[in-house]
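Data first, discussion second: the structure below is written as structure tokens.
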Amino acid sequence: MASSQGRLTNLKFIPGFHRESTQYSETGKWFDGNRVRFRDGKPENMRGYTKAVTESYTGIARDLLTWSDNDTKKFMAFGTEKYLYAVQSSELYDVTPFVSSVTLTSVMNTQINSPLVSISITNHGVSVNDRIFITSATSIGNSGILLSGEFSVVAVDSLNTFTISATTSAAATYTDGGTADLKFILPNENTIPVQGTGYGAGVYNAGTSTTGARAWNRPAAAGAITFLNAQWTLDNWGEDLLACRRGGRIFDLDIDASITPERAVVISASPTVTNYIKVSPNDRHLIAFGSTEFGTGNFNPMLVRWSDQENYDNWTPSISSTAGEVVLTGGTEIMGAVRSRNGIHIWTDDAMFVQSFVGPPFIFNFQNVGTNCGLIGPHAAVDVDGISYWMGNNNFYAFDGRVRELDCTVRRFLFDSFNMVNKDKVYAGVNSEFREVIWLYPSENSIEPDSYIIYNTFEDHWIFGTSFYSTFADRNVFDNTIATGRVSATADRFVYNNEPDDIYTGDGVTLSSFIESGSFDIEDGDKILFVDRIIPDYKFTNNANIKFSIDFKEYPNGNTITKGPFTINNATNKIDLRGRGRQAEVRVSANTDGSWRWGKVRANIQADGER
């Protein structure tokens, strides 16, 4: 029986998570949670996910693009460190481009009873696990081996010889036999940044480590050279796909080339090295960010270079062409760019620029609109209704005509638990259904994105949680948002439908969610509070339920006395309990295949002395 001296009090907390200080100092606010969002100020659990494609993919997706062609067919594309993929009608296709080809004549060798075939090509440039594609082959002598299709390199014997494994073993040893047409597939790259070492990695006498000196003719064990992990940027040229892997060529995938997607092909006239691409709106120029200069061919990480209008096969500036280039000043490298209403927004590692089409003779105008606001990674920015949002190295920003810092209520919590070595992998996305911007990022104990932070642009609040996605695309093409990733370190990687309507499981498995408040007290803890009844008010679907508990403390760092957890469902009218403390925190958790939503939950609270 509830105390007659108590008073029913609405347990109302400010929406969003607030982690800039201690749980006690965040009085009257929500403090922690996972897989929970706020809608109209009320917390609810997020929906789940299902596989969009039943076939798994290889590698870690670094960019994801969805679009429809002129016949309204829906497509996806994404790139990993090993493959470029396209998805059509829920089917996964390998569209990784060929980068070079060679005709083989009497350069293949076999060993009896072994499937291994060694191939001699001068300066072949392949590494173990790179792929090749063989056509028009003849048998390798009397070995009985006839190569056809795709093979992976299993060993690199020298600069001029590598080994693959055939599908059958050789019937005889044969040397320097066979003919074939061989195509090299875009080689694999790193999944993590790797520090360069060796003789050229450090300056003279720099040391074999970051401290100490090294003697003459000794290689450096640490240096200023870093080999970055693979990154892709994808965009559309009309209904076709444009793709660029950082530090390489630009490729085009003609989706009408056949019934099913074929391999992307190199745009032969494009710069030999490009870090990032974007197609400009309306005027349609293909723009390369961080690229090789016209004339010299030297790579410049601050260079913006663009093709002729409506013609990505012409990159030569002339009086009959709108192709050109500009070197930006304000930083050391261009990080990324997004399309917006007023042009293209560009970020370096220090500054922001707006690129606007002005026509001949200059073609584009570049305006520096902010400094000390650089982008943390190539995919860390998005545009929502003409406003760009991005993550910097220690803050969040928006540009709506001026650069402004966002008041992030979890900024310190995020950056204090952030793996800055792998900041390049931050991926920003939009969930227009809930007016959210999401950033996927690696926490301090992970080398890949395993967490998210979300900003609600309409209700102006922040939430965070754990995730396994590496890329994210809005629902502007498909019926739900699309994401890529794997649910655990040992699982295969898939493309997922994220938050389909009325789905609250993770590919059929129940999902956990929770939310926890900051502390609440009476008169700043001057009086002991006593709680003896909870009047729940929740909305459930699919016979869902929640676990409700209250933690009581005498002091912020004191022992915790927990009342609960109590199970609450649609049939629960009240919860009777007896709990005392100078402060209390509420926790709600669920492990269910349905939805729950907080309504107006009340507690019977009274002062209970000053001890």
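Since the model is a prediction, treat every value here as computed from it, not as a measurement. Excluded from the calculations below are hydrogen atoms, water molecules and symmetry mates; all remaining heavy atoms, backbone and side chain alike, are included.
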Audit row: Y57, T80, side chain to side chain contact (heavy atoms under 4.5 Å, CB included) steps and yes/no: CA-CA 9 Å; Y57 64 87; T80 76; 4.1 Å; yes
Verdict with supporting geometry, L84 and L186, side chain to side chain contact (heavy atoms under 4.5 Å, CB included): CA-CA 9 Å; L84 178 63; L186 188 70; over 6 Å; no
Derivation and outcome, side-chain hydrogen bond (donor to acceptor under 3.5 Å, both in side chains), residues T471 and T484: CA-CA 6 Å; T471 65; T484 59; 2.5 Å; yes
Residue pair I277, L242: steps toward the side chain to side chain contact (heavy atoms under 4.5 Å, CB included) verdict: CA-CA 8 Å; I277 61 169; L242 297 179; 4.0 Å; yes
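Of the charged side-chain nitrogens involved, at least one lies within less than 4.0 Å of a carboxylate oxygen, so that R339 and D235 count as a salt-bridged pair. Classification of R62 and E448 as a salt-bridged pair holds, one side-chain N sitting under 4.0 Å from a carboxylate O. The pair D507-K51 meets the salt-bridge criterion, with a side-chain N (NZ, NE, NH1 or NH2) lying under 4.0 Å from an Asp/Glu carboxylate O. Classification of D424 and R246 as a salt-bridged pair holds, one side-chain N sitting under 4.0 Å from a carboxylate O.
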Residues 171-181, side-chain donor-acceptor partners within the protein, below 3.5 Å, at least two apart:
{"residue": "T173", "atom": "OG1", "partner": "I112", "partner atom": "N", "Å": "3.0"}
{"residue": "T179", "atom": "OG1", "partner": "T138", "partner atom": "OG1", "Å": "2.9"}
{"residue": "D181", "atom": "OD1", "partner": "T103", "partner atom": "OG1", "Å": "3.3"}

Could you tabulate the donor-acceptor pairs under 3.5 Å formed by side-chain atoms of residues 122-134, not counting sequence neighbours?
{"residue": "H124", "atom": "ND1", "partner": "V126", "partner atom": "N", "Å": "3.0"}
{"residue": "H124", "atom": "NE2", "partner": "S158", "partner atom": "O", "Å": "2.7"}
{"residue": "H124", "atom": "NE2", "partner": "L159", "partner atom": "O", "Å": "3.2"}
{"residue": "H124", "atom": "NE2", "partner": "T161", "partner atom": "N", "Å": "3.4"}
{"residue": "H124", "atom": "NE2", "partner": "T161", "partner atom": "O", "Å": "3.3"}
{"residue": "D130", "atom": "OD1", "partner": "N188", "partner atom": "N", "Å": "2.9"}
{"residue": "D130", "atom": "OD2", "partner": "S127", "partner atom": "N", "Å": "2.9"}
{"residue": "R131", "atom": "NH1", "partner": "D94", "partner atom": "OD2", "Å": "2.8"}
{"residue": "R131", "atom": "NH1", "partner": "E150", "partner atom": "OE1", "Å": "3.2"}
{"residue": "R131", "atom": "NH1", "partner": "E150", "partner atom": "OE2", "Å": "3.1"}
{"residue": "R131", "atom": "NH2", "partner": "K82", "partner atom": "O", "Å": "3.4"}
{"residue": "R131", "atom": "NH2", "partner": "T96", "partner atom": "OG1", "Å": "3.3"}

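If you run side-chain contact (heavy atoms from CB on, under 4.5 Å) between V279 and each of I344, L286, I287, only L286 comes through.
Atoms CG and NE2, from N314 and H285 in turn, are 10.0 Å apart once rounded to the nearest 0.5 Å.
Side-chain contact check for N368 versus M352: every heavy-atom pair is 4.5 Å or farther apart. Side-chain contact check for F366 versus V304: some heavy-atom pair is nearer than 4.5 Å.
Checked against the 6.0 Å centroid criterion, the rings of Y312 and W237 qualify as a close aromatic pair. Two rings, from W315 and F294, have their centers 6.0 Å or more apart. In this structure, the ring of H345 has its center less than 6.0 angstrom from the ring center of F399. Here the two rings, on F78 and Y85, have centers that are under 6.0 Å apart. Ring-centre distance between F98 and F184: not below the 6.0 Å cut-off.
Cation-pi geometry between K74 and F478 is met: under 6.0 angstrom from the ring centre, within 45 degrees of the axis.
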